[in-house]
**Student:** 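Below is the structure I would like to discuss, written out as structure tokens.
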Number of protein chains: 2
Amino acid sequence: MADKSEQSAAASGLPTVRTISEVAGVSPSTVSRALKGDPRISEKTRAAVAAIAQQQGYTPNAMARGLVTRSSGVVGIVLGNLENPFYGELVERLHSRLVEIGKYPMLLHIGGETLDSEAIKPIRQYQMDGCIITAARLSSRAAETCANHRLPMVMINRVARIHSCTVSCDNYAGGMLAGELLLEAEHRRVAFIAGREDTSTSEDRESGLLCVLRKAQLTLAGRARGHYTYDGGFAAAQELLAADPRPDAIFAANDIMALGAIDAIREAGLGVPDDLSVIGFDDIRPTRWHNYRLTTIAQPVEAMITRSIELLSERMASPDLSGESISIKGEMKLRESVRLPAGFPANASPA
Amino acid sequence: MADKSEQSAAASGLPTVRTISEVAGVSPSTVSRALKGDPRISEKTRAAVAAIAQQQGYTPNAMARGLVTRSSGVVGIVLGNLENPFYGELVERLHSRLVEIGKYPMLLHIGGETLDSEAIKPIRQYQMDGCIITAARLSSRAAETCANHRLPMVMINRVARIHSCTVSCDNYAGGMLAGELLLEAEHRRVAFIAGREDTSTSEDRESGLLCVLRKAQLTLAGRARGHYTYDGGFAAAQELLAADPRPDAIFAANDIMALGAIDAIREAGLGVPDDLSVIGFDDIRPTRWHNYRLTTIAQPVEAMITRSIELLSERMASPDLSGESISIKGEMKLRESVRLPAGFPANASPA
DNA sequence: GATTCTAGTGCAATCGTGTGCGCGAACTGC
DNA sequence: GCAGTTCGCGCACACGATTGCACTAGAATC
């Protein structure tokens, strides 16, 4: 017995259940149960074990535990392009919420490209409990792997092409909000800067805008692609400005492109919002910078994360729950890149 | 035998070494060795095992492996405030380099605050192989924990208060570069916007600047704190502009603050670089935005990451290597926020 | 042809934790 | 006082991969 204890101590130097059990004079299983609060263990034993564990600085080995419970406590995270501050904010909050529920996030992938099966290998290697995906599309093989593995998965701002959960901002309603504001500000030549080809977010935001325009018997005064980047937005705005007559308002599918558009408009010698109004989507930090003061539709990040964690937790507890899609309304943030409608109260939000 | 195989298959559905071994008609140990390329296994057996593993879609269980090898393949990552795009860029590249060497990054902490011992718990739980820390300070207890654990650790842009490795930009030389450029541009009233109180990066950049000024028999024309944020830089610039005579150039300890400063200067009705030159540090994406075109000292991110991974790899292989500090020179990026020195070639870099 | 050597493989223990089942003691009820 | 129940705990195995050592078969040597 003493030999065994010395062996394990020599092996890693860190206390294990056996270390604790020998000090406490009980069996390893009792230690394990005591620390998990198993009701079969007497309160007296429990307290004694807990005290010794505390004093020895015991921390359970997550790998050993994961091996037998088949639950590693690890959640995979796939991030979009971090040049867009939106994802930075997202991952920061996601991280703390995951830690709160006792899970730790492992980075699977960063960047916008399609997620291939190589990138999701660690999901199987580490027997991940779940996965949160933002702004990337799974390759068909990768999706298949996830499905076979019955991996609880939540996609943020992505439509589900496979059986899974999604949480997104109500992009269609957001597009409508933007359109309504621009119409109230008496704009009639509204142009749109789209994101990437394959993203439903950009499409939905555009559809919302179009719906509102149609009701007012208007059509789009211009349309260009901005690839969700500043440079893309800049170039797209230049393209739109070349039209004759030029648009009097631009709605960009996200903030980064809107900022690019503002700079392009100004570089063309025009003023925002004097000559053109610009409205974005996301409400990232730089929209508040004094140079921009961009009016935008804020994504309800807090609510989206709360729901994502809920959906994920539920499915980690019962993997057979069916897929669910949640859509949350965004909120208009009125700043100074849109000409205010006549007699419009500065601090009110349009319905 | 058949029973056992069916049991393990039923347990998880995924192939294990045993599954492979039974199909191949060899023992699990042979499978393990064959897949690791052990020279004792004949080429014929190796190929057969590899083929079956491939066909069955076998992926080794990292937790089981980690349990016995005491190496989890996980590397902890501590990130600074992701509102600063610098860290976004950093983590994106760190991630891909880590994956290249077969390690996976787990997020330990995001944000600028001191790292307490709660946040680094997963290091022990998951028996992490190493840790990369950017822009956060360890609490004394956390540092002690790392030291006891002999955790290979590399800090990026942080001075080591404990026995470990650091990789940083040569902040002092960078400060000198900035100072020299401003003097060549015939500025004589140079002000500085500092970062947070406790950061050596800000201090070193300031010292470099001061050294150059001193040589030219000048002193700082102003100094304010910007807390490494846009708003902080904005407010700091306002404070500096209130001085009489006001500075004719501002060096900010990082780009985000420099951008805030530019906006403050313009909001005060002054021009950049006509009335004041502004220079930053980091070379984040927004410095290239058309509205700013900020001259800055670029951190050698690629080189810094390469060295960090090297240091970490070496120490994961031999944990007893002693601490090492590497400092890499940054590079001046000439843009338009600094008035060009008379007769200064636009595309040359100052010595 | 016997012996030594080597290449190739299998056995069994191990890492640290969780858990089904069994066992003894105490307690209850009549 | 005895049977049945409950309570508290330990035994032993499992999870999936790695690895030291033993073992076998064939080759090489004398």
Side-chain angles (χ1 to χ4, degrees), chain A residues 1 3-22 24-49 53 56-73 124-127, chain B residues 1 3-22 24-49 53 56 58-73 124-127 129:
Chain A
M1 277 298 183
D3 273 346
K4 279 201 169 181
S5 130
E6 275 168 22
Q7 274 180 11
S8 24
S12 77
L14 291 176
T16 74
V17 276
R18 188 139 69 198
T19 320
I20 311 290
S21 76
E22 280 159 12
V26 297
S27 80
S29 26
T30 301
V31 173
S32 172
R33 285 192 257 255
L35 294 176
K36 292 203 67 161
D38 190 307
R40 298 186 310 174
I41 303 297
S42 72
E43 185 51 36
K44 191 179 134 208
T45 311
R46 233 209 57 159
V49 167
Q56 300 258 340
Y58 170 75
T59 308
N61 183 320
M63 290 189 298
R65 171 184 290 167
L67 192 55
V68 54
T69 62
R70 305 184 166 288
S71 158
S72 61
R124 290 180 53 191
Q125 287 176 9
Y126 290 93
Q127 305 251 81
Chain B
M1 275 301 181
D3 274 346
K4 279 201 168 179
S5 127
E6 276 168 21
Q7 272 179 13
S8 26
S12 76
L14 291 175
T16 74
V17 275
R18 189 139 70 199
T19 319
I20 311 291
S21 74
E22 280 159 11
V26 296
S27 80
S29 28
T30 300
V31 173
S32 172
R33 284 192 257 256
L35 294 177
K36 294 201 65 159
D38 190 308
R40 296 186 310 175
I41 302 297
S42 71
E43 185 50 36
K44 189 180 138 211
T45 310
R46 235 209 52 159
V49 168
Q56 300 259 339
Y58 170 73
T59 308
N61 183 320
M63 291 190 297
R65 171 185 289 167
L67 193 55
V68 52
T69 62
R70 305 187 163 285
S71 158
S72 61
R124 289 180 55 192
Q125 286 176 8
Y126 289 94
Q127 304 250 78
D129 294 347

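If you're wondering where the values come from, they're calculated on a predicted model, not measured in any experiment. All values below were derived from every heavy atom in this structure, side-chain atoms included, with hydrogens, water molecules and symmetry-related copies excluded. Chain letters run A, B, ... following the sequence lines, proteins first, then strands; residues in each count from 1.
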**Student:** Enumerate, atom names and distances included, each donor-acceptor pair closer than 3.5 Å involving a side-chain atom of residues 41-49 of chain B, sequence neighbours excluded.
**Tutor:**
{"unit_1": "B:Ser42", "atom_1": "OG", "unit_2": "B:Thr45", "atom_2": "N", "d": "3.3"}
{"unit_1": "B:Ser42", "atom_1": "OG", "unit_2": "B:Thr45", "atom_2": "OG1", "d": "2.8"}

**Student:** State whether B:Asp38 and B:Lys36 are salt-bridged, where the test is any N-O pair (Lys NZ or Arg NE/NH1/NH2 against Asp/Glu carboxylate O) under 4.0 Å.
**Tutor:** no
**Student:** Could you give the angle between the helix axes at the two ends of the helix from C:dG1-D:dC30 to C:dC30-D:dG1, with five pairs per end, rounded to 10 degrees?
**Tutor:** 50°
**Student:** Could one point to a donor on the side chain of A:Arg65 or the base of D:dG16 with an acceptor on the other under 3.5 Å away?
**Tutor:** no
**Student:** OH of B:Tyr126 versus C1' of C:dG16: gap in Å, rounded?
**Tutor:** 14 Å
**Student:** Please report the shortest heavy-atom distance between A:Pro28 and A:Ser21, naming the atom on each side.
**Tutor:** N-CB, 3.6 Å
**Student:** Check whether any side-chain nitrogen or oxygen of B:Ser27 sits under 4.0 Å from OP1 or OP2 of C:dG10, and answer yes or no.
**Tutor:** yes
**Student:** Round to the nearest Å and state the distance from A:Gln127 atom CD to C:dT17 atom P.
**Tutor:** 18 Å
**Student:** When you measure only distances, ignoring hydrogens and angles, does the side chain of A:Arg46 come within 3.5 Å of the base of D:dG8 through a donor and an acceptor?
**Tutor:** no
**Student:** So, using side chain to side chain donor-acceptor pair (under 3.5 Å) as the criterion, who are the partners of B:Ser72 when residues are at least two apart?
**Tutor:** none
**Student:** With sequence neighbours left out, write down each residue that passes side chain to side chain donor-acceptor pair (under 3.5 Å) with B:Ser29, or none if nothing qualifies.
**Tutor:** B:Ser27
**Student:** Who passes side chain to side chain donor-acceptor pair (under 3.5 Å) against B:Ser32, sequence neighbours left out?
**Tutor:** none
**Student:** Take the protein atom CZ of A:Arg70 and the nucleotide atom C1' of D:dG16, then report the distance between them rounded to whole Å.
**Tutor:** 9 Å
**Student:** Just call it for A:Pro28: base, sugar-phosphate, or nothing, with non-hydrogen atoms closer than 4.0 Å on any strand.
**Tutor:** nothing
**Student:** If you go through the side-chain atoms of B:Arg33, does one of them form a donor-acceptor pair with the base of D:dG20 closer than 3.5 Å?
**Tutor:** yes
**Student:** How far does CG of B:Leu14 sit from OH of B:Tyr58, to the nearest 0.5 angstrom?
**Tutor:** 10.5 Å
**Student:** Tell me if the side-chain of B:Ser29 makes a donor-acceptor pair with the base of C:dC11, cut-off 3.5 Å, by modelled atom types.
**Tutor:** yes
**Student:** Measure from CE on B:Met63 to C1' on D:dT18 and round the result to the nearest Å.
**Tutor:** 16 Å
**Student:** According to a strict under-4.0 Å criterion, is A:Thr45 in side-chain N/O contact with OP1 or OP2 of D:dC9?
**Tutor:** yes
**Student:** Report, one line per pair, each donor and acceptor closer than 3.5 Å where one atom sits in a side chain of residues 61-69 of chain A; sequence neighbours left out.
**Tutor:**
{"unit_1": "A:Asn61", "atom_1": "OD1", "unit_2": "A:Met63", "atom_2": "N", "d": "2.8"}
{"unit_1": "A:Asn61", "atom_1": "OD1", "unit_2": "A:Ala64", "atom_2": "N", "d": "3.1"}
{"unit_1": "A:Thr69", "atom_1": "OG1", "unit_2": "A:Arg65", "atom_2": "O", "d": "2.8"}
{"unit_1": "A:Thr69", "atom_1": "OG1", "unit_2": "A:Ser71", "atom_2": "N", "d": "3.3"}
{"unit_1": "A:Thr69", "atom_1": "OG1", "unit_2": "A:Ser71", "atom_2": "O", "d": "3.4"}

**Student:** Mind calculating the distance between CD1 (A:Ile20) and C1' (D:dC9) to the nearest angstrom?
**Tutor:** 18 Å
**Student:** Counting heavy atoms from C-beta on, name the nucleotide in C:dT17, C:dC15, D:dG10 closest to the side chain of A:Thr30.
**Tutor:** D:dG10
**Student:** Examine the base of D:dC15 for any acceptor or donor lying under 3.5 Å from a partner atom in the side chain of A:Thr69, and report the outcome as yes or no.
**Tutor:** no
**Student:** Just call it for B:Val31: base, sugar-phosphate, or nothing, with non-hydrogen atoms closer than 4.0 Å on any strand.
**Tutor:** nothing
**Student:** Using a cut-off of strictly less than 4.0 Å between a heavy atom of the residue and any atom of DNA chain D, enumerate the qualifying residues of residues 35-44 of chain A by number.
**Tutor:** A:Arg40, A:Ile41, A:Ser42
**Student:** Roughly how many Å is it from CG in B:Leu67 to P in D:dA14, rounded to a whole number?
**Tutor:** 16 Å
**Student:** Can you identify which nucleotide, out of D:dC9, C:dG10, C:dT19, has its nearest atom closest to the B:Val26 side chain?
**Tutor:** C:dG10
